[in-house]
Amino acid sequence: MTPANDAIPLWLVSVICELWFALSWILDQLPKWSPVTRETYLDRLALRYDREGEPSRLSPIDFFVSTVDPLKEPPIITANTVLSILAVDYPVDRNSCYVSDDGASMLCFDTLSETAEFARRWVPFCKKFAIEPRAPEFYFSQKIDYLKDKVQPTFVKERRAMKREYEEFKVRINGLVAKAEKKPEEGWVMQDGTPWPGNNTRDHPGMIQVYLGSQGALDVEGHELPRLVYVSREKRPGHNHHKKAGAMNALVRVSAVLTNAPFILNLDCDHYVNNSKAVREAMCFLMDPQLGKKLCYVQFPQRFDGIDLHDRYANRNVVFFDINMKGLDGIQGPVYVGTGCVFNRQALYGYDPPRPEKRPKMTCDCWPSWCCCCCCFGGGKHRKSSKDKKGGGGGDDEPRRGLLGFYKKRGKKDKLGGGPKKGSYRKQQRGYELEEIEEGIEGYDELERSSLMSQKSFQKRFGQSPVFIASTLVEDGGLPQGAAADPAGLIKEAIHVISCGYEEKTEWGKEIGWIYGSVTEDILTGFKMHCRGWKSVYCTPTRPAFKGSAPINLSDRLHQVLRWALGSVEIFMSRHCPLWYAYGGRLKWLERFAYTNTIVYPFTSIPLIAYCTIPAVCLLTGKFIIPTLNNLASIWFIALFMSIIATGVLELRWSGVSIEDWWRNEQFWVIGGVSAHLFAVFQGFLKVLGGVDTNFTVTSKAGADEADAFGDLYLFKWTTLLIPPTTLIIINMVGIVAGVSDAVNNGYGSWGPLFGKLFFSFWVIVHLYPFLKGLMGRQNRTPTIVVLWSVLLASIFSLVWVRIDPFIAKPKGPILKPCGVQC
Ligand SMILES: O=c1ccn([C@@H]2O[C@H](COP(=O)(O)OP(=O)(O)O[C@H]3O[C@H](CO)[C@@H](O)[C@H](O)[C@H]3O)[C@@H](O)[C@H]2O)c(=O)[nH]1
Ligand SMILES: [Mn+2]
């Protein structure tokens, strides 16, 4: 409201930018108002479902691992992930591992055979000595005293032997990799002499191979091992395969036919199980008799190995994982981030969560829930988290009500009455009554379900597989009666459900399974579930449940961020945009805010670019956007500034995020903002506005599957990505030089205002500093072209400003230019 009269256009631009920043700040801030930290009690879970000497009643789980390109995703990494899964601390007959190979590579296939063989020794070793993590590569490379807490006398000897065997295993895998480097003329041939069906990776039949499991090999000590299944879905030219989302949906169907566990744990091929109790952690929520029924998934934070000490490009993303996600957990639940997530199979099938009975509400529905938050301001956080800690009822402020509707309930044996009477569940008495009521409506529930959905409508929804459809109706997961008796028939059906025509005219990818239409299929998939009213839970065990790898070089990182941002823009322009999708549904307001934030953030790149340019323009033209303030305005200004700092400090305090991590996050917000996000906005618009040739579409998709992400296209991409930030750095540096030399020439009087301007330029440069380091430092192929382009752009830009000076109304007297010449 206090325009800088001599620089109205600049002032206007900055006010517009500020308005957008304010809006996006609100979108980011509101969903963080009731953060939740959860605690689990594994011993109580065991008391209830997994007692010594009794058969375990823990729910079965199917692990999904996705891989696409054995050259970019090294087989030894995938093998480690698989080994860590086979060795988790969970009943073996309730654990299966499905590996999806979108690259149809025999290398991956052979690697899994070797891995299955090695698992026969690795798994009993892990279980015997309770080692962590159970991915051999990472276990053996730990720099800790491995004798600590280990009492068995044979440990040292067996560890040494195991290490040697792992080295041998690695040699074998490396041998396979070396062999795979050159494809023979006549294509690959399998060990038994038959040609590999996946020789043409774009045109091949579906392939399935089952290893281990009850009918397969036992471990060296004679115990059963979890089942391991290799799956490569059918690929034919002319079919859209929908990248990872398509691969996941194929696995959903295969696993339904072969094992049909009620829960599904999804991992990227590079994310191994770092905490062998991870599944149990998730079950603390999913098998909770009350909370569990409402949960679509339990998400774990993504943690990473092998990131540079200072995490230059904010790969760890701690601000997101330790602040935003915990905030969301207090509303309707964290977003799904693509890996490290345990799903409720029913939620993937597009069913609604159990519907609460209608009953008079005490509060008016028309008020968004954050109004209620305000009322219990202060106590909110603590009340909520302490409730959650009890494990019962969860952080759930809805009245507890009976169940009606489609939700598949746990079998009778799991009912509360059968469990221990004391301990974990505070709402036990209450829960028991409810369970009895549910018992009463159980039969009705089933009837209602089958009458609502005739066989026909089932087929329209799930596709033409009677076996699959039957599996969706099995209480408590597991195979339909009699199905298990015919393994050959099951495999045949499994091949059927991964054929590429299977999803035609069904709801797959539209309403059920992983949702298609965005390269960030994860956000979309989770969003759909939250819209249906499901809740999710964020589980953060002290020992990270899963660990993965992240791109630590600048161009790869920018490329990754570009894909995420592009995915968001795609959602923004689709029918699923959180701004207008599913009103009147059961998506909570603040959750909608958070999703809106996740998809509009790339647009912040535009004001950000303006904001990074303004300081340089100020320095070059001698104008300034901040007018001389009166007292009241200064108080407002300072108060706003202090409140922002205060929220920041509070956030860091409750989340435990360090100042350094926070600062990296700020820096990368600017770096990504002025490069990748900007490109994403343009690519997104070009894509939607239709005038885009198919080539361009391929480019944006290639980012998601890494497989085609090389060659000139890739090179071109990262060079362009680097140009805007480089240009910004250079014009700001030029601006600083110009400003200082101007002040030097004009004497001491002009130093005062200069400091203000210099401050803003420094702000830009310190934010872009990691980028500058990445550009300069140890890069082998120095991107000369980028530097040239940027210098060129920056000098043209500066010259234009100096010459035209649109913000200077009428120069009185000679003005000193950066060149130092009076003109
Ligand atoms: O056609 C494809 C393409 C990719 N993938 C798999 O998808 C996963 C993720 O790919 P990656 O290149 O590692 O992407 P990131 O950016 O590291 O992944 C994050 O972001 C993705 C969404 O953009 C999510 O799918 C991931 O789960 C999430 O970890 C990998 O396991 C791939 O093998 C496939 O299975 N089929
Ligand atoms: Mn990844």
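What you are looking at is a predicted structure, and each value in this text was computed from that prediction instead of being measured. Indexing begins at 1, ligand by ligand and atom by atom, following the structure's order. Numbers here are sequence positions counted from 1. Computed over heavy atoms, backbone and side chain alike; hydrogens, waters and symmetry mates excluded.
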- Report, in ascending order of atom number, the atoms of ligand 1 lying under 4.0 Å from any heavy atom of Asp522. 22 (C), 24 (C)
- Query: Applying a 4.0 Å heavy-atom criterion (strictly less than), which segment of Glu73 is in contact with ligand 1: side chain, backbone, both, or neither?
  - Reply: side chain
- Minimum-distance pair of heavy atoms, taken over all atoms of Arg532 and Gly350: NE-O, 3.4 Å
- Is Val65 touching ligand 1 with its side chain, its backbone, both, or neither, if touching means heavy atoms under 4.0 Å apart? neither
- Which segment of Thr339 sits under 4.0 Å of ligand 1 when only heavy atoms are counted: both
- Got an N/O contact under 3.5 Å between Asp270 and ligand 1? no
- Message: Does ligand 1 come near enough to Asp268 that some N or O of the ligand is less than 3.5 Å from an N or O of the residue?
- Response: yes
- So do Tyr297 and Trp534 actually touch side chain to side chain, heavy atoms under 4.5 Å? no
- Query: Looking only at heavy atoms, is any part of Asp102 under 4.0 Å from ligand 1, and if so is it the side chain, the backbone, or both, or is it neither?
  - Reply: side chain
- Query: Of all residues at least two apart in sequence or in a different chain, which pass the side-chain contact (heavy atoms from CB on, under 4.5 Å) check with Thr339?
  - Reply: Leu267, Asp268, His271, Gln302
- Polar side chain donor-acceptor pair, Lys528 to Tyr336, under 3.5 angstrom: no
- Taking heavy atoms and a distance under 4.0 Å, where does Lys244 meet ligand 1: side chain, backbone, both or neither? both
- Measure the distances from the heavy atoms of Gln302 to every atom of ligand 1 and state whether one is below 4.0 angstrom. yes
- Mark up the atoms of ligand 1 that fall under 4.0 Å of a heavy atom belonging to Cys269, in ascending order. 31 (O)
- Report yes or no: do Arg563 and Gln560 form a side-chain donor-acceptor pair below 3.5 Å? no
- Does any N/O atom on Arg563 come nearer than 3.5 Å to any N/O atom on ligand 1? yes
- Message: Taking atom NZ as the centre, does Lys505 end up with more than 12 heavy-atom neighbours from other residues, nucleotides or ligands that are less than 6.0 angstrom away?
- Response: no
- Task: Determine whether Tyr272 and Phe138 make a side-chain contact, defined as any pair of heavy atoms from C-beta on separated by less than 4.5 Å.
- Result: yes
- Message: I need the atoms of ligand 1 closer than 4.0 Å to a non-hydrogen atom of Gly338, numbered in the order shown.
- Response: 27 (O)
- contact_flag Glu521 ligand 1 heavy-atom lt 4.0 Å: yes
- Which of the atoms of ligand 1 are close to Gln560, meaning less than 4.0 Å from one of its heavy atoms? 15 (P), 16 (O), 17 (O)
- Message: Measuring from non-hydrogen atoms of Gly567 to any atom of ligand 1, is the shortest distance under 4.0 Å?
- Response: no
- Do ligand 1 and Val519 have nitrogen or oxygen atoms that lie under 3.5 Å from each other? yes
- For the residue pair Val342 and Phe300, what are the closest heavy atoms and their distance? CG2-CE1, 4.0 Å
- Note on the structure: Scanning both residues in full, the closest heavy-atom pair of His204 with Pro197 reads CB-O, 3.4 Å
- Any Leu265 side-chain heavy atom under 4.5 Å of Phe546 side chain: yes
